[in-house]
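Only one structure is covered here, and it is reproduced in the block below.
Just so you know, ligand 1 is whichever comes first in the structure, and atom 1 is the first atom listed for that ligand. The basis for the numbers below is simple: all heavy atoms, side chains too, and nothing from hydrogens, waters or symmetry mates. Numbers here are sequence positions counted from 1.
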Amino acid sequence: MSTAAVELVGLSKSFGDVSAVDSIDLRIEDGEFFSMLGPSGSGKTTVLRMIAGFERPSGGTVRLAGDDVTTRPPFARDVNTVFQDYALFPHMDVLTNVEYGLRVQRVPRAERREQAMAALDAVQLGGLGDRRPTQLSGGQRQRVALARALVNRPKVLLLDEPLGALDLKLRRAMQLELKELQREVGITFVFVTHDQEEALTMSDRIAVFRDGRIEQVATPAELYEFPTTPFVAGFVGTSNLLTGDAARAVLGRAGTFSIRPEKIHLDPEAGLYSGAGHTTARGTVADVVYLGSVNHYLVELDAGPTVTVLRQNLHGSTDQSMSRRGQPVNVGWADEHVIDLSDPPHEKETP
Ligand code: ADP
Ligand code: MG
């Protein structure tokens, strides 16, 4: 196996009696766009701060490119961090902000200028070097923070919810830009977010965090198609969980199962999902949620549970969709789309 860009072994951190990070093992490969995804308080920032050296672990090891850096201070690690609040110096112009790290490293002035200009070009702010941070938009400020973190070419860039302060449209645009930038510079990115859509959009692989532990590490497609725990199935995308009596009544099996809303079909297509390898069930449309390009149908099955069904609005009118409220309906799905989540071990890595 090649040397990992970042390797965490049994990494833990407690604050008093709060266990923020609980014995995490993780390998992040060189050149990966790796995301840590999880709800607020699940330990993502604490892990990032331990990689950066801002936080001393209570236990375990941090390796960067094979070197044990666990007790090294931040400046002696070949990583930079981009924070959500940018942390730019307000009294310096943009170029001076970007040069800052190089000045600390005593890089000669002419070389500093050149590298800072190149970093600003890379984030498409070439012409704005003499502006003050206050004269920039939120998106531009975030780009300056990125340029400043990239200017001395760290081996690893750590990003803690860097797009969190941006509005949705800009955020989406920046997600694509950031991914593109990462490809260009070839630096390993470790990206923290609580937004599953963001993680799916940008990442080569994702670690899903819950209560200071990692539930699953996988590619976006694997996480979505083959979640290994009910928590991952619920946190990444929407899913219908069937467990206990509901599972027995609908699937005829005991255990815990998940079916994605887009894998369930409604009349008139439901008829196609009868026969071997398929399951059909009868129910009533309890509600229809109009979402523009798609609708969510909440179907109360005769067998008990309510499932969410997603249908694209390819044909027919909004009125037609809405008029299905209260109507009886058949649903059907291919059995191969039922994900078995029974008795998950705590940490499973998708092969
Ligand atoms: P996330 O980034 O996933 O939201 P954090 O790593 O910030 O989660 O926090 C994980 C847990 O550790 C939370 O319960 C948080 O309250 C706690 N925590 C984080 N930093 C500190 C600190 N400096 N002192 C005490 N508790 C902390
Ligand atoms: Mg955080």
Considering distance alone, does some N or O of Gly43 sit under 3.5 Å from an N or O of ligand 1?
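Checking ligand 1 against Gly43, an N or O pair does fall under 3.5 Å apart.
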Tell me whether Pro39 reaches ligand 1 (any heavy atom closer than 4.0 angstrom to a ligand atom).
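True for this residue.
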Within-2.8 Å protein N/O/S contacts of the Mg ion (ligand 2):
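The answer, once waters are left aside, is Thr45 OG1.
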Of all the non-hydrogen atoms in the protein, which one sits nearest to [atom], and at what distance?
{"atom": "atom 12 (O) of ligand 1", "answer": "Ala20 CB, 3.2 Å"}
{"atom": "atom 7 (O) of ligand 1", "answer": "Thr45 CB, 3.7 Å"}
{"atom": "atom 3 (O) of ligand 1", "answer": "Lys44 NZ, 2.8 Å"}
{"atom": "atom 9 (O) of ligand 1", "answer": "Thr46 OG1, 3.8 Å"}
{"atom": "atom 19 (C) of ligand 1", "answer": "Phe15 CE1, 3.5 Å"}

Salt bridge (charged side-chain N to carboxylate O under 4.0 Å, His left out) between Asp287 and Arg325, intermediate numbers included:
CA-CA 5 Å; Asp287 204 355; Arg325 272 197 192 119; 2.8 Å; yes
Can you find a protein heavy atom under 4.0 Å from atom 15 (C) of ligand 1?
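There is no protein heavy atom less than 4.0 Å from atom 15 (C) of ligand 1.
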May I ask whether atom 23 (N) of ligand 1 is less than 4.0 Å from at least one protein heavy atom?
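Under the 4.0 Å cut-off, atom 23 (N) of ligand 1 does have protein heavy-atom neighbours.
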Under the criterion salt bridge (charged side-chain N to carboxylate O under 4.0 Å, His left out), I'd like the reasoning laid out for Glu29 against Arg27: C-alpha separation, chi angles, the key distance, then a yes or no.
CA-CA 6 Å; Glu29 305 302 333; Arg27 274 179 64 95; 3.1 Å; yes
Does [X] reach the side chain of [Y], with side-chain heavy atoms less than 4.5 Å apart?
{"X": "Phe209", "Y": "Ile214", "answer": "yes"}
{"X": "Leu159", "Y": "Leu146", "answer": "yes"}
{"X": "Leu158", "Y": "Val192", "answer": "no"}

Give the intermediate values and the outcome of salt bridge (charged side-chain N to carboxylate O under 4.0 Å, His left out) for residues Lys179 and Asp204.
CA-CA 10 Å; Lys179 176 77 195 160; Asp204 295 316; 3.4 Å; yes
Closest to atom 4 (O) of ligand 1 among Gly16, Gly41, Gly38 (heavy-atom distance)
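Considering heavy atoms of Gly16, Gly41, Gly38, the nearest to atom 4 (O) of ligand 1 sits in Gly41.
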For ligand 1, which atoms sit closer than 4.0 Å to a heavy atom of Ser42?
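Selected atoms, number and element: 1 (P), 3 (O), 8 (O).
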Passing candidate, side chain to side chain contact (heavy atoms under 4.5 Å, CB included) with Val250, options Asn240, Val307, Ile259, Leu242
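For Val250, the side chain to side chain contact (heavy atoms under 4.5 Å, CB included) test succeeds with only one of Asn240, Val307, Ile259, Leu242, which is Leu242.
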When rounded to the nearest 0.5 angstrom, what is the spacing between CE in Met50 and OG1 in Thr45?
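Those atoms lie 11.0 Å apart.
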For Phe89, what residues pass the ring-ring contact (aromatic ring centres under 6.0 Å, His included) criterion, not counting sequence neighbours?
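With sequence neighbours excluded, Phe89 shows a ring-ring contact (aromatic ring centres under 6.0 Å, His included) to Tyr100, given in chain and number order.
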Holding to ring-ring contact (aromatic ring centres under 6.0 Å, His included), I want the full list of residues that pass it with Phe231, two or more places apart in sequence or in another chain.
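In terms of ring-ring contact (aromatic ring centres under 6.0 Å, His included), with neighbours along the sequence ignored, Phe231 is linked to Phe235.
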Throw together a table of side-chain donor-acceptor distances under 3.5 angstrom for residues 291-301, partners on residues two or more places apart or in other chains.
residue: Asn295; atom: OD1; partner: Asn313; partner atom: ND2; Å: 3.4
residue: Asn295; atom: ND2; partner: Asn313; partner atom: OD1; Å: 2.8
residue: Asn295; atom: ND2; partner: Ser321; partner atom: OG; Å: 3.1

